[in-house]
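Keep in mind that the numbers below use all heavy atoms, side chains included, and drop hydrogens, waters and symmetry copies. Predicted, not measured: the structure shown is a model, and the values here were computed from it.
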Amino acid sequence: MKFVTLAGAVAAVSLASPALAQDDSTAGGKFIAGAIVGLDSVETEFDGISESEEDVVLGLTVGYDYETTSGIVFGIEAEYTDSSVGVSATDFDVPGDRVSVNAGRDLYVGGRLGFRPGRNGILYVKAGYTDASIEGEYGDGTGEISDEVSFGGVRLGVGGEIDLSSNYAIRLEYRYSDYGNLELFGTDTGIGVSRNQGIITLLGKF
């Protein structure tokens, strides 16, 4: 997924039609806000065995971009996304037991650094902090317990942005988030959690 998303972003920015061009000067600062839709793939790994599940991710983003006269772009952004992805594993602690992990809301704040290869597009990298909410359930045949926790991680991403006009743009992006080991019921489960996402964002710039 990451290679398809990245290749699409680079190709789209490189081939953006001059008919969509803004004014010659794009330097300056603008607030941004947009709607996110994409594919969310959450992976869990335990004792050398990994499982993943995919579903749709939806969300909103806000931020601020500043572009220099030389085409270098600095940005800050925040996101709220939500996903219904869930994964499960059996024989986790004793034979026949089952543990399930369901993704919830995800908050992100970070920065972007990019450059403008042409008047109509931006290529960029990003990094920041992500705080995810996850609900865990465990059952061993005699009963079930559940717990909802939030935990932080690091997000890295790359993408491309195409200007549709002076006030609107579309963004194609791949990002990877690593949350380390999942802690449930006050115990480090040893289950590593990460996610890969390919997203499309429709942006307004003001």
State the [atom1]-[atom2] distance between [X] and [Y], to the nearest 0.5 angstrom.
| X | Y | atom1 | atom2 | value |
| --- | --- | --- | --- | --- |
| Y108 | T130 | OH | OG1 | 8.5 Å |
| L58 | D82 | CG | CG | 8.0 Å |
| R175 | D40 | CZ | CG | 8.5 Å |
| Y66 | I72 | OH | CD1 | 12.5 Å |
| D97 | T142 | CG | OG1 | 10.0 Å |
| F31 | F206 | CZ | CZ | 11.5 Å |

Verify same cluster id: [X], [Y] (apolar side-chain graph, 4.5 Å):
| X | Y | value |
| --- | --- | --- |
| I36 | L203 | no |
| I162 | L202 | yes |
| Y129 | I199 | no |
| V149 | V193 | yes |

Quick check on Y64: does its OH atom have over 12 non-hydrogen neighbours (other residues, nucleotides or ligands) under 6.0 Å away?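 Yes - once you tally the heavy atoms of other residues, nucleotides and ligands closer than 6.0 Å, there are more than 12.
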
Residues [X] and [Y] bridged, charged N to O under 4.0 Å:
| X | Y | answer |
| --- | --- | --- |
| K126 | E79 | yes |
| D65 | K205 | no |
| R112 | E173 | no |

Check whether any side-chain N or O of T61 sits under 3.5 Å from a backbone N or O of A78 as a donor-acceptor pair, and report yes or no.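 Flag set: sc T61 to bb A78 pair under 3.5 Å.
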
Closer than 3.5 angstrom, by distance alone: can the side chain of D178 be matched with the main-chain N or O of G180 as a donor-acceptor pair?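 Yes, the answer is positive, given that a donor and an acceptor are paired below the 3.5 Å cut-off.
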
Grab the two heavy atoms, one from [X] and one from [Y], that are nearest each other, plus how far apart they are.
| X | Y | result |
| --- | --- | --- |
| G121 | D163 | N-OD2, 4.2 Å |
| R105 | S150 | NH2-CB, 3.6 Å |
| P117 | F115 | CD-O, 3.2 Å |
| R195 | V42 | NH2-CG2, 3.8 Å |
| S194 | Y176 | CB-OH, 3.6 Å |
| N167 | K30 | ND2-NZ, 4.2 Å |

Going through the checks in order, is the side chain to side chain contact (heavy atoms under 4.5 Å, CB included) test met by V62 and L60? CA-CA 7 Å; V62 294; L60 300 171; over 6 Å; no

Could you check R171 against I122 for side chain to side chain contact (heavy atoms under 4.5 Å, CB included), going step by step and ending with a plain yes or no? CA-CA 9 Å; R171 184 183 292 174; I122 298 170; over 6 Å; no

Quick one: do Y80 and L107 satisfy side chain to side chain contact (heavy atoms under 4.5 Å, CB included)? Show the steps, please. CA-CA 5 Å; Y80 173 91; L107 305 176; 3.4 Å; yes

Take S83 and Q197 through the side chain to side chain contact (heavy atoms under 4.5 Å, CB included) test and state the conclusion after the steps. CA-CA 11 Å; S83 173; Q197 295 176 322; 5.8 Å; no

Going by the rule salt bridge (charged side-chain N to carboxylate O under 4.0 Å, His left out), which residues pair with E67 if we only count those two or more places apart in sequence or in a different chain?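 If we apply the salt bridge (charged side-chain N to carboxylate O under 4.0 Å, His left out) test to E67, skipping adjacent residues, the hits are R116.
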
